[in-house]
Amino acid sequence: MNQTSTLRVRVRNIKDETSTIKRFTLESMDYSKLPPYSGGSHITTFLSLPSGTLERQYSLFNTTLEPGLFEIAVRLAEDSTGGSRFWHQNVQAGDALTVSFPKNYFPLSFQAKHHVFYAAGIGITPFLSMMAELAEKEHSFELHYAANSKEQCAFYEHLRTVYPDRCRFYFSNSEGTKRLSPKLLLDHRIGTHVYFCGPERMIEDFTNAAKSYGYPSFNIHWERFAPPVNREHKPFSVNLQRSGRQFEVPANTSLLDVLRKYGINVPYSCRVGGCGTCEVKVAEGEVFHYDSFLTEEQRCSKGIMLSCVSRGKGKLVLDL
């Protein structure tokens, strides 16, 4: 992410949505309207920590009646490496922050006859802006939203008030409540597009089910908030074909991070394999693809990989 295209914003207020999720309302420093954005957009936030600048991406929405504001929601992760903990413990109303302009790697498909959103936990956030856009344009949609309980269901009252007939809730800790199941995908008519956001296992289960039920691939959409869990944790080596430089990529480090560490200016944005910005060309070697961006044809060609999440087997030679 290039910080030359950033915005300075102020935290207008902070609200506890649940015991672990806070909503932050951001406004322009000069009180002008912040840039518009489409449903599914996100921003990158740049947090100044003693260890350096920490970049984190959050979905954009606006539950207020006032245009020109950004809102994000941050869940406090138990294994936080600094991002969510900093937001929850250090950020205060009135603080000035640096954020990127909005970007959208999870857009709505307006070829759909009907849109169905499946959310779990903090995965509700990209759907807030998507539903608002569809409602404004009077398009057909519905939401299926799973949480541990009503108390842990972020934006529950907002959703029930604004979209009373379009939301179904599933609370795993409540007796007599149905669980969110991939079998619900069987209930949708032809022409429906489905969207998934939540834990990795949920995304994988619903995506696989949609494919097995015959949904065309272009009708299936999902967004991750974190890189997928890699099945292959082994280190690998990288040779750069043009310069002859060689690097080792440790098991717990991405290829992108290693390349940038040694001054190879690979552009990047989402860091979760969803946007394609960090694509590099592969001259030789086998790649384990963990992205959600490349097509099967592109993966089979063996000529490219996304350096933020995908990994090599043994040794790779890159066209760099």
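Position 1 is the first residue of the sequence, and the numbers go up from there. Scope of the values below: all heavy atoms of this structure, side chains included, with no hydrogens, waters or symmetry mates.
Side-chain N or O atoms of S307 include none that pairs as donor or acceptor with a backbone N or O of V280 at under 3.5 Å. When atom types are taken as modelled, the side chain of R85 and the backbone of L76 share no donor-acceptor pair closer than 3.5 angstrom. Proximity of a side-chain donor or acceptor of E284 to a complementary backbone N or O of L316 within less than 3.5 Å is not detected. Remark: side-chain polar atoms of T207 are not paired, donor with acceptor, to backbone N or O of E204 under 3.5 angstrom. For the pair S254 (side chain) and V309 (backbone), a donor-acceptor distance under 3.5 Å is absent. Under the 3.5 Å distance criterion, the side-chain polar atoms of T18 are left unmatched by any main-chain donor or acceptor of A154. A donor-acceptor distance shorter than 3.5 angstrom exists from the side chain of T192 to the backbone of R189, with no hydrogens or angles considered. S129 contributes a side-chain N or O that, together with a main-chain N or O of P126, makes up a donor-acceptor pair within less than 3.5 Å. Side-chain N or O atoms of N62 include one that pairs as donor or acceptor with a backbone N or O of T64 at under 3.5 Å. In this structure, H88 contributes its side chain and V74 its backbone to a donor-acceptor pair below 3.5 Å.
Nearest approach of P182 to A209, heavy atoms of both residues: CB-CB, 3.6 Å. What you find for M305 and V287 is that their closest heavy atoms are CB-CG1, 3.9 Å. In terms of heavy-atom proximity, S5 sits nearest to F101 at O-CD1, 3.3 Å. In plain terms, the two heavy atoms of R179 and S172 that are nearest each other are NH2-O, 3.4 Å. Closest non-hydrogen pair, L7 versus S100, comes out as CD1-O, 4.0 Å. The nearest pair of heavy atoms linking C197 to G123 is CB-O, 3.4 Å.
Using a 4.5 Å cut-off on side-chain heavy atoms (C-beta onward), Y215 and K211 make no contact. The side-chain heavy atoms of F110 and E133, taken from C-beta on, include a pair separated by under 4.5 Å. Contact of the D319 side chain with the V282 side chain is not registered, since no non-hydrogen atoms from C-beta on lie closer than 4.5 Å. Here the side chains of L159 and I124 are in contact, with some heavy-atom distance below 4.5 Å. The side-chain heavy atoms of V11 and I14, taken from C-beta on, include a pair separated by under 4.5 Å. L255 places a side-chain heavy atom less than 4.5 Å from the side chain of L318. A heavy-atom distance below 4.5 Å is not found between the side chains of V194 and F206.
V9 and L69 fall into different hydrophobic clusters, defined by Ile, Leu, Val, Met, Phe, Trp and Tyr side-chain heavy atoms under 4.5 Å apart, directly or through other members. Residues Y290 and F293 do not share a hydrophobic cluster, defined by chaining ILVMFWY side chains whose heavy atoms lie under 4.5 Å apart. The hydrophobic cluster containing F127 also contains L108, counting ILVMFWY residues as joined when their side-chain heavy atoms lie under 4.5 angstrom apart, directly or transitively.
In summary, D291 and R299 engage in a salt bridge, as defined by a charged side-chain N under 4.0 Å from a carboxylate O. Using a 4.0 Å cut-off between a side-chain N of Lys or Arg and a carboxylate O of Asp or Glu, R12 and E66 qualify as a salt bridge. Salt-bridge formation is detected for the pair E200/R224: a Lys NZ or Arg NE/NH1/NH2 atom is positioned less than 4.0 Å from an Asp or Glu carboxylate oxygen. The residues D205 and R201 are annotated as salt-bridged, a charged nitrogen and a carboxylate oxygen being separated by less than 4.0 angstrom. Between R10 and D95 there is no salt bridge, since no side-chain nitrogen of the basic residue lies less than 4.0 Å from a carboxylate oxygen of the acidic one. Under the 4.0 Å criterion applied to side-chain N and carboxylate O atoms, E157 and R160 are not assigned as salt-bridge partners. Under a 4.0 Å N-O distance rule, the pair R23/E71 qualifies as a salt bridge.
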> Could you go step by step and tell me if Y156 and F169 meet the ring pair (Phe, Tyr, Trp, His ring centres under 6.0 Å) rule?
Replying inline: CA-CA 9 Å; Y156 176 74; F169 300 93; 4.7 Å; yes
> Can T63 and H158 be said to form a side chain to side chain donor-acceptor pair (under 3.5 Å), step by step?
Replying inline: CA-CA 8 Å; T63 59; H158 169 77; 5.2 Å; no
>> For F24 and Y58: C-alpha separation, side-chain torsions, deciding distance, then whether ring pair (Phe, Tyr, Trp, His ring centres under 6.0 Å) applies.
In response: CA-CA 11 Å; F24 297 83; Y58 300 100; 8.4 Å; no
>> For E142 and H115: C-alpha separation, side-chain torsions, deciding distance, then whether side chain to side chain donor-acceptor pair (under 3.5 Å) applies.
In response: CA-CA 7 Å; E142 64 187 86; H115 304 261; over 6 Å; no
> Please walk me through it: do Q57 and T44 pass side chain to side chain donor-acceptor pair (under 3.5 Å)?
Replying inline: CA-CA 4 Å; Q57 290 76 36; T44 298; 3.2 Å; yes
> Does the ring pair (Phe, Tyr, Trp, His ring centres under 6.0 Å) test come out yes or no for Y105 and H42, once each step is laid out?
Replying inline: CA-CA 8 Å; Y105 305 130; H42 72 273; 5.3 Å; yes
> Does the pair S149 and N173 meet the rule for a side chain to side chain donor-acceptor pair (under 3.5 Å), with working shown?
Replying inline: CA-CA 6 Å; S149 65; N173 291 343; 5.4 Å; no
>> Before you tell me yes or no, could you show the steps for H193 and H221 under ring pair (Phe, Tyr, Trp, His ring centres under 6.0 Å), namely the whole-Å CA-CA distance, both residues' side-chain angles and the distance that decides it to 0.1 Å?
In response: CA-CA 8 Å; H193 281 234; H221 316 268; 5.1 Å; yes
> Does the pair R168 and L184 meet the rule for a side-chain contact (heavy atoms from CB on, under 4.5 Å), with working shown?
Replying inline: CA-CA 11 Å; R168 291 180 60 184; L184 292 166; 4.3 Å; yes
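Separation of atoms OG (S237) and CZ (F247) is listed at 11.5 Å; rounding is to 0.5 Å. Between I264 atom CD1 and L320 atom CG the span is 7.0 Å, to the nearest 0.5 Å. Taking CZ of F196 as the start and CD of E223 as the end, the distance is 14.0 Å to the nearest 0.5 Å. A distance of 9.0 Å separates OG1 of T277 from CG of L306, quoted to the nearest 0.5 Å. Rounding to the nearest 0.5 Å gives a distance of 8.5 Å between OG1 of T53 and CG of L47. Rounded to the nearest 0.5 angstrom, C308 SG and D257 CG are separated by 9.5 Å.
For R271 and Y268, the positive end sits near the middle of the six-membered ring, less than 6.0 Å away and at most 45° from its axis. Remark: R311 is not positioned above the aromatic ring of F236, lacking an NZ or CZ atom under 6.0 angstrom from the ring centre and at most 45 degrees off the axis.
Using a 30° and 60° split on the angle between ring planes, F141 and Y163 fall in the perpendicular class, above 60°.
Atom OH of Y213 is surrounded by more than 12 heavy atoms from other residues, nucleotides or ligands within 6.0 Å.
A distance of 6.0 Å or more separates the ring centres of Y195 and Y118. No close placement of the Y145 and Y170 rings is indicated, their centers lying 6.0 Å or farther apart.
Neither side chain, R75 nor S84, offers a donor N or O lying under 3.5 Å from an acceptor on the other. With no hydrogens or angles considered, no side-chain donor-acceptor pair links H289 and Q298 at under 3.5 Å. S38 and N104 share a side-chain donor-acceptor pair at under 3.5 Å.
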